[in-house]
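Working notes for the structure below.
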Amino acid sequence: MKSTFQTIEGTSDLLPGAPKALVRTEVWHHIERGIHEIMRRHGFSEIRTPILEHTGLIARGIGQLTDIVSKEMYTFERGNTNYVLRPELTAPIMRSYLQHHLEQQPGVQRLYYLGACFRAERPQKGRYRQFHQFGAEIIGTEDPRADAEIIAVMMEVYRALGLLETRLRINTLGSAETRPQYREALVRYLEPHRETLTGVSQDRLSRNPLRILDTKVEAERKILKEAPRLYAYLDEESRRNYEALKRVLASIAIPYLEDPMLVRGLDYYTRTAFELEHDGIGAQSALAGGGRYDLLAPAIGAKKPVPAVGFAAGMERLILAMEGSGLPLPESDPFDVWMIALGDAAGEKAFIFVQSLRRAGLRAGLELTGRSMKAQMRLANRAGSRWVVILGEKELETEQAIVKDMVTGEQIAVPFMGLTQNLTEKLK
RNA sequence: GUGACCGUAGCUCAGGCGGUUAGAGCGCCAGGUUGUGGCCCUGGAGGUCGGGGGUUCAAGUCCCCUCGGUCACCCCA
């Protein structure tokens, strides 16, 4: 170890040309481009919110009892304010929606985002302390088509990037009115089994019993087989909504699996909940998740519920999944032209040409350390440049540069005057 | 927060039960071609063997501590 400082545990530098796809800048550009394109096509507009938020927004929005709030937040105090590095973006976006009265804008709001989030967990494959999410929200309608639309954009992003082996699981959590009834029934059923449950589940039994449903412990799953189903407690509207969602998904050919045990970790979800899964991201299986969260707005201070539905997806997990599926990922950003100069006078002239090429829109490069021609050629080759322009004393005299095709090896003399145009045309 | 495993050149890794100048491949630099890349050949630079302590005549190798990483649990993106 030479440097005294290095990246903080669970964070990483992205480097151009890095051997690992997960931290290669070019790969990030690739998926970011895909996300922007699909979102744009679906009529979503990008929203950017600060990385720093009031701790209270997250605590009240996501829920005190969630793992995120109870043990995974990076918070700090300064003056009288308690700050948090955002652990997710849905609450901040709802905050922004309310703060800027976006309900006054025409129609429903379709917003998408892309950005860094922070959670103070022990890092492992597919889970990091600084990680990146992208996602989308439709705010302002209860229509189940909005739920379907959210699922559709989400699926489209993965499809556009070539990731096809995914599983969509959906469920409904019922309304704010009926959920307590089910919750009670579930507790009543589980209470006699209390001794068989794990410590965590026992704790949840009193605090957040629905979460027990998605347990992985075999003994608990067995008990749950006979447990009352949420579906039996649904109110008429939730049931209708759920049926409509399934109908719409089918109508646009999005396959899904119904999973009555699917419960999401954040408190703000009502009705629709869904998760997109993929194998081979280490022990993690969730690529993305989301659902309807009409109660988030009142939880963070709005006078009444604001109907909203959205998804959040992990960018690291997306890359890991793409890599695992053997999808081609960009390795480097090749140059169009590489300029080679021999001698000081040629060096200065070359610099002028390079700038001219760049202004004309080409990706043009040159070495600044005055190395041998062989060395410069090697660099041109490494840069993946299709064309090389050679400028030496002879060329300065004749005012003609040598243009070399790195694929065929052919080279021709081109007058200085027409150099930029010549190369621009070649690269069309 | 808990557990397991791993730290030897820029990267990936060799270094039988401790023994003398710590190696390879790739990468980097230079030369072979006095102005021409990719292939090939030759040479070179680059290592407090993560750090500290201990055992020993002798430690990269054994023991302890510590730091860092990876993976897993919990949970989630």
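Naming: A, B, ... by sequence-line order, numbering from 1 per chain.
Residue A:Arg382 is in sugar-phosphate contact alone, with no base atom involved, counting any heavy-atom pair closer than 4.0 Å across all strands shown. Nucleic acid contact class of A:Gln284 (heavy atoms, under 4.0 Å, all strands): base. Within 4.0 Å of A:Ile281, counting heavy atoms only, lies no atom of the nucleic acid at all. Within 4.0 Å (heavy atoms only), A:Tyr128 reaches at least one base atom of the nucleic acid. Using a 4.0 Å heavy-atom criterion, one finds that A:Lys374 contacts the bases of the nucleic acid, with or without backbone contacts as well. Using a 4.0 Å heavy-atom cutoff across all strands shown, A:Gly409 reaches at least one base atom of the nucleic acid. Counting any heavy atom pair closer than 4.0 Å across all strands shown, A:Ile340 reaches no nucleic acid atom. Residue A:Ala288 is in sugar-phosphate contact alone, with no base atom involved, counting any heavy-atom pair closer than 4.0 Å across all strands shown.
Straight-line distance from the CZ atom of A:Phe274 to the P atom of B:A77: 11 Å, rounded to whole Å. Computed from coordinates, the A:Leu276 CG to B:C76 C1' distance equals 15 Å when rounded to whole Å. Between the CD atom of A:Glu9 and the P atom of B:C71 there is a distance of 12 Å, given to the nearest Å. Whole-Å rounding puts the A:Leu379 CG to B:G38 C1' distance at 13 Å. Summarising the geometry, the separation between CD on A:Glu275 and P on B:C76 is reported as 9 Å, rounded to the nearest angstrom. The nearest whole Å value for the distance from the CD1 atom in A:Ile62 to the C1' atom in B:C75 is 13 Å. Between A:Leu213 atom CG and B:C75 atom P the separation is 13 Å, expressed in whole Å. Rounded to a whole Å, the CH2 atom of A:Trp387 is 19 Å from the P atom of B:G38.
The side chain of A:Gln124 lies closest to B:C71 when the candidates are B:C71, B:C76, B:A77. The nucleotide whose nearest atom lies closest to any side-chain atom of A:Arg122 is, among B:U2, B:A77, B:G37, B:U2. Checking B:C28, B:U36, B:C76 against the side-chain heavy atoms of A:Gln411 singles out B:U36 as nearest. Proximity note for A:Ala286 (side chain, C-beta onward) versus B:G31, B:A77, B:C75: the nearest is B:A77. Distances were taken from every side-chain heavy atom of A:Arg378 (C-beta onward) to each of B:G35, B:G37, B:A30; the shortest belongs to B:A30. Of the candidate nucleotides B:C71, B:C76, B:G1, B:C71 has the atom lying nearest to any side-chain atom of A:Lys125. Of the candidates B:C75, B:A30, B:G35, the closest approach to any side-chain atom of A:Met373 belongs to B:G35.
Residues A:Met315 and A:Ile402 each lie close to RNA chain B; by heavy-atom proximity, the contact nearer the 5' end of the strand is made by A:Ile402. With the nearest nucleotide of RNA chain B identified for both A:Leu391 and A:Gln133, A:Leu391 has the one nearer the 5' end.
Atom P of B:U61 sits at a distance of 11 Å from the matching atom of B:G18, rounded to the whole Å. Across the C1' atoms, B:U20 and B:G52 are found 26 Å apart, a figure rounded to whole Å. Nucleotides B:U8 and B:G15, compared at atom C1', are 9 Å apart to the nearest Å. If you take atom C1' in B:G19 and the same atom in B:G37, they sit 48 Å apart, rounded to whole Å. Separation of the C1' atoms belonging to B:C67 and B:G38 is 44 Å when rounded to the nearest angstrom. With C1' as the reference atom, B:U21 and B:U2 are 46 Å apart, rounded to whole Å. Separating the C1' atom of B:C17 from that of B:G53 is a span of 25 Å, rounded to the nearest Å. Nucleotides B:C62 and B:C76, compared at atom C1', are 42 Å apart to the nearest Å.
Screening A:Thr141, A:Thr172, A:Thr272, A:Asn241 for a side chain to side chain donor-acceptor pair (under 3.5 Å) involving A:Asp147 leaves a single residue, A:Thr272.
Across every strand in view, B:G47 sits unpaired, with no contact that passes the Watson-Crick or G-U test at under 3.5 angstrom. Here B:A58 sits opposite no nucleotide as a Watson-Crick or G-U wobble pair (both hydrogen-bonding atom distances under 3.5 Å). Of the nucleotides present, B:U42 is the one that pairs with B:A30 by Watson-Crick or G-U wobble criteria, both distances under 3.5 Å. Nucleotide B:U12 forms a Watson-Crick or G-U wobble pair with B:A24, both donor-acceptor distances falling under 3.5 Å. Under the Watson-Crick or G-U wobble criterion, with both distances below 3.5 Å, B:C71 is paired with B:G3.
Checked by distance alone, A:Glu395 brings a side-chain donor or acceptor within 3.5 Å of a matching partner on the base of B:G35. For a distance-only test at 3.5 Å, the side chain of A:Asn381 qualifies as a donor-acceptor partner of the base of B:G37. Taking 3.5 Å as the limit, the base of B:C76 and the side chain of A:Arg317 contain a donor-acceptor pair of atoms between them.
Separation of atoms CZ (A:Phe311) and CG (A:Leu276) is listed at 9.5 Å; rounding is to 0.5 Å. The OH atom of A:Tyr97 sits 12.0 Å away from the CD atom of A:Glu137 when rounded to the nearest 0.5 Å.
In this structure, A:Glu258 places its CD atom where more than 12 heavy-atom neighbours from other residues, nucleotides or ligands lie under 6.0 Å away. Counting heavy atoms of neighbouring residues, nucleotides and ligands inside a 6.0 Å radius, atom CD of A:Glu393 does not exceed 12 of them.
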Output, in order, the C-alpha distance, side-chain angles, deciding distance and verdict of ring-ring contact (aromatic ring centres under 6.0 Å, His included) for A:Tyr112 and A:Phe44. CA-CA 6 Å; A:Tyr112 80 95; A:Phe44 285 73; 7.3 Å; no
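Contact of the A:Leu173 side chain with the A:Thr270 side chain is not registered, since no non-hydrogen atoms from C-beta on lie closer than 4.5 Å. By the 4.5 Å heavy-atom criterion applied to side chains, A:Arg317 and A:Phe131 are not counted as neighbours.
Aromatic pair A:His132/A:Tyr128: ring centres not closer than 6.0 Å.
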